[in-house]
Amino acid sequence: MQPPPVRDTVVETRGLTKRYRGGRPAVADLDLSVPRGSVFGFLGPNGSGKTTTIRMLLGLIEPSGGGVRMLGEPMPDAARRVLPRVGALIEGPALYGFLSGRDNLARFDAADPTADPRTRAARVGRALERVGLTAAAGKRARTYSLGMKQRLGLAAALLQPRDLLVLDEPTNGLDPQGMREIRALVRELADDGTTVFLSSHLLDEVEQVCTHAAVMARGRLLTQGPVAELAAGAHGRLVVTTPDSADAVRVLKEWGVTDLTVDGDRVTGEVPTVDPPDPADLNAALVRSGVRVRAFGTERVSLEDAFVALTGEGFDVAG
Amino acid sequence: MSRADLPRAGASHVEPARGEPAGGEPAGGRDVPARRPGPLWSLGLFRSELVLTFRRWRTLALLAVLAGIPLLVGIAVRIETGGDGTADGGGGEGPAFIGQITNNGLFLVFTALAATLPFFLPMTVGVVAGDAIAGEAGAGTLRYLLVAPAGRTRLLLAKFTAVVVFCLAATLTVAVSALVVGVLLFPVGEVTLLSGTTVSFAEGLVRALAIAVAVAVSLVGLAALGLFVSTLTNSGVAAMATTVGLLIAVQILGAIPQLDAVHPYLFPHHWMSFADLLRDPVYWEDLLDNLGLQGLYAAVFGTAAWARFTNRDITV
């Protein structure tokens with residue numbers, strides 16, 4: 001068995017499409033590219049095709065068209081070689097309620113044909129420790145809280161050293177403390193070099209932990225790339241605080257600033273995208289015209305603004 | 001089971017397993033080296049499947065019900081005959097062999113199997129087989145098994161193996177319970193076979209064991225049918241109900257004389273052939289027909305289950 005080719009792309013899809021019987025495509029013509037070592041945020045409102053995409057990546061759903069390569073090999077043909085190196089948490093944890101946390105992990109470990117049965121108990125113990133469930137390992141899983149179930153699901157994904165972790169909404173249903181812990185764990189794993197593919201509908205979550213992101217809506221990929229570039233794609237609004245708002249509007253209009261609005265002593269506007277003026281020149285022009293400027297700057301652009309700019313709609317609207 | 005494994009696994013942890021970093025830490029972010037699976041490692045799923053089946057509360061409850069039936073039959077016969085003396089043949093009503101129980105407790109084994117085979121035994125098999133895939137799908141654990149990756153064919157084989165083992169366990173539960181009750185409540189001794197020959201009690205036991213195996217084999221066709229139904233739905237309860245419903249429907253069809261032409265193709269058609277093991281010499285024809293019919297059902301519905309399960313989108 002020759003080693004798989006080392007590539008810089010961990011997940012790659014070409015024209016990936018899934019059409020359920022008779023309906024519009026759940027995923028259409030998706031070209032996704034997840035760089036090695038990234039924490040890749042997969043964003044989109046509920047119903048935008050994120051979960052269908054993840055299930056196609058993992059070989060649970062057969063694509064209607066297009067192809068998937070994971071860790072350099074075609075899926076689902078190479079599932080037996082690829083999936084042991086991939087940990088996954090898909091649409092929340094699923095456990096055997098009548099088994100203890102430890103026995104649940106042993107069950108999932110036994111399903112992996114590349115897992116050595118002699119070291120199973122040690123692996124399970126390590127995974128439990130990593131998610132902080134050692135104390136509750138002997139309790140039946142049906143007595144676990146949602147947060148504990150989520151952690152046990154994560155432990156199952158961490159049974160083996162992985163090249164890629166696919167986490168579908170890993171913080172769903174967790175309290176703020178639990179969310180922080182999961183994010184810390186994701187960062188820790190990423191620091192170890194594991195590529196993390198994190199689907200979420202929480203923008204600030206993606207902004208906090210992800211280096212790269214892709215945005216889906218209605219089954220289509222709107223954009224993908226480094227998070228910093230995505231946010232930069234949407235221009236920040238110019239904000240001037242001044243008691244002379246009428247004069248300020250007049251001067252800014254002369255410099256080509258559009259969509260000017262005045263709110264008390266706050267003037268905001270869009271700086272033109274083509275041949276934008278230097279903010280320093282703008283400020284100097286204001287002062288030259290006798291506008292007393294208290295504050296001058298550009299509003300920070302969040303990923304949410306970027307998303308609204310991309311979709312032209314609110315985030316929680318499903319297609 | 002994992003608790004029992006602990007010390008051993010802890011010890012083997014010392015030897016550095018090739019291909020797997022012992023500490024479990026991914027090595028500096030580079031490729032995790034491909035693990036070299038041992039040839040027997042993939043049997044772990046079969047073991048896990050068996051353990052899972054017999055740790056379910058439901059499985060144990062079904063076995064408890066099956067164990068209780070010979071007890072009820074034994075006590076009923078004992079009360080009916082007032083403890084000693086010879087009852088006069090039972091008047092042709094009730095399950096086969098019931099009249100001979102008072103002479104020989106071993107006949108309770110044959111009676112109990114004959115009484116449970118038409119419905120109770122296959123019903124328990126229908127429950128376990130129907131739940132096999134659909135139950136995992138309903139609980140959501142199926143997706144985690146498949147990305148582990150269990151492999152669809154391997155998982156289906158493991159499930160079928162577990163169901164067949166359950167068939168044997170269920171039959172043996174009835175047989176052993178009947179034997180214990182029979183020995184406690186009735187005299188035992190040499191066994192007079194259906195052909196009139198008398199054999200020793202020991203040979204009678206061997207024939208009882210053979211009968212239990214024959215009954216278990218009779219259930220394999222239904223097991224395959226149930227497994228196929230189980231691949232069609234994501235609801236364990238629906239699959240169980242459908243399988244048991246099919247069993248009842250087939251039993252009704254088998255009782256309608258006008259449908260004579262289809263009877264040889266119904267899976268319960270040769271079920272009572274196990275009684276032929278109580279003849280000397282054993283009358284094999286019907287037994288072998290049963291074996292062939294069960295094999296046919298297992299092949300047809302096993303293939304159908306495989307075709308369905310390996311092509312299905314797992315959306316739950």
Side-chain angles (χ1 to χ4, degrees), chain A residues 1 3-4 6 20 37 52 55 58-62 71 79-86 88 90-99 102-103 105-127 153 156 158 160-163 166 189 192-194, chain B residues 1-10 12-13 17 20-38 40-49 51-52 55-57 136 139-151 154-155 158 311-316:
Chain A
M1 196 165 55
V6 176
Y20 291 111
T52 302
R55 285 175 182 266
L58 296 170
L60 293 173
I61 291 181
E62 188 165 359
L71 306 175
R80 266 195 92 120
R81 285 191 303 279
V82 172
L83 289 182
R85 297 154 67 201
V86 178
I90 316 150
E91 276 189 294
L95 305 165
Y96 301 91
F98 62 99
L99 293 183
R102 176 170 281 130
D103 288 347
L105 292 187
R107 162 85 172 152
F108 291 123
D109 194 65
D112 178 356
T114 69
D116 186 348
R118 288 166 301 177
T119 51
R120 179 159 299 142
R123 259 195 311 280
V124 167
R126 273 201 306 274
L158 298 175
Q160 299 272 9
R162 312 283 194 188
D163 283 333
V166 177
L189 289 162
D192 289 346
T194 308
Chain B
M1 76 182 170
S2 47
R3 194 168 306 155
D5 282 349
L6 253 174
R8 199 151 46 88
S12 72
H13 188 202
E20 189 187 358
E25 302 297 330
R30 292 326 301 163
D31 264 340
V32 176
R35 292 184 286 271
R36 301 264 163 81
L40 293 177
W41 291 4
S42 69
L43 293 180
L45 184 62
F46 289 78
R47 200 188 103 168
S48 165
E49 201 56 61
V51 171
L52 190 80
R55 278 186 70 176
R56 276 188 203 276
W57 180 86
E136 300 267 10
T141 44
L142 181 60
R143 61 176 185 264
Y144 287 108
L145 292 177
L146 291 181
V147 301
R154 191 164 71 104
L155 183 60
N311 284 304
R312 177 180 149 190
D313 282 348
I314 308 296
T315 53
V316 291

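Naming convention: chains lettered A, B, ... in sequence-line order (proteins, then strands); numbering from 1 in each chain.
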Over all heavy atoms of both residues, which pair between B:Ile314 and A:Ile61 is shortest? Give the atoms and the distance, please. O-CG1, 3.8 Å
In terms of heavy-atom proximity below 4.5 Å to chain A, should B:Glu49 be classed as side chain, backbone, both, or neither? both
So which part of A:Tyr96 gets closer than 4.5 Å to some heavy atom of chain B, the side chain, the backbone, both or neither? both
Side chain, backbone, both or neither: which part of B:Leu142 has a heavy atom under 4.5 Å from chain A? neither
Considering only heavy atoms and a distance below 4.5 Å, find which of A:Val166, A:Asp109, A:Leu99 pairs most often with chain B. A:Leu99
List in chain and number order the residues that pass side chain to side chain contact (heavy atoms under 4.5 Å, CB included) with A:Ala127, two or more places apart in sequence or in another chain; answer none if no residue qualifies. A:Leu105, A:Ala155, A:Leu159
Please report the interatomic distance OG1(A:Thr194) to CZ(A:Arg162), rounded to the nearest 0.5 Å. 10.0 Å
Lys/Arg N to Asp/Glu carboxylate O, A:Glu62 vs A:Arg55, below 4.0 Å: no
Looking at B:Leu45, B:Leu43, B:Leu52, B:Leu155, which makes the most heavy-atom pairs under 4.5 Å with chain A? B:Leu52
Can you tell me which of A:Pro93, A:Gly59, A:Pro113 forms the most heavy-atom pairs within a distance under 4.5 Å of chain B? A:Pro113
Under 4.5 Å heavy-atom distance to chain B, tell me which part of A:Ala79 shows up: side chain, backbone, both or neither. backbone
Contact leader toward chain A among B:Val147, B:Asn311, B:Leu146, where contacts are heavy-atom pairs under 4.5 Å: B:Val147
Contact leader toward chain A among B:Pro149, B:Ala158, B:Gly140, where contacts are heavy-atom pairs under 4.5 Å: B:Pro149
For A:Leu158, is it the side chain, the backbone, both or neither that has a heavy atom under 4.5 Å from a heavy atom of chain B? neither
For A:Gln160 against A:Ala115, the heavy-atom pair lying closest together: NE2-CB, 3.5 Å
Please check this pair: side chain of B:Arg154 against backbone of B:Ala150, looking for a donor-acceptor N/O pair closer than 3.5 Å. yes
Among all residues two or more places apart in sequence or in another chain, which pass the side-chain hydrogen bond (donor to acceptor under 3.5 Å, both in side chains) test with B:Arg312? B:Asn234
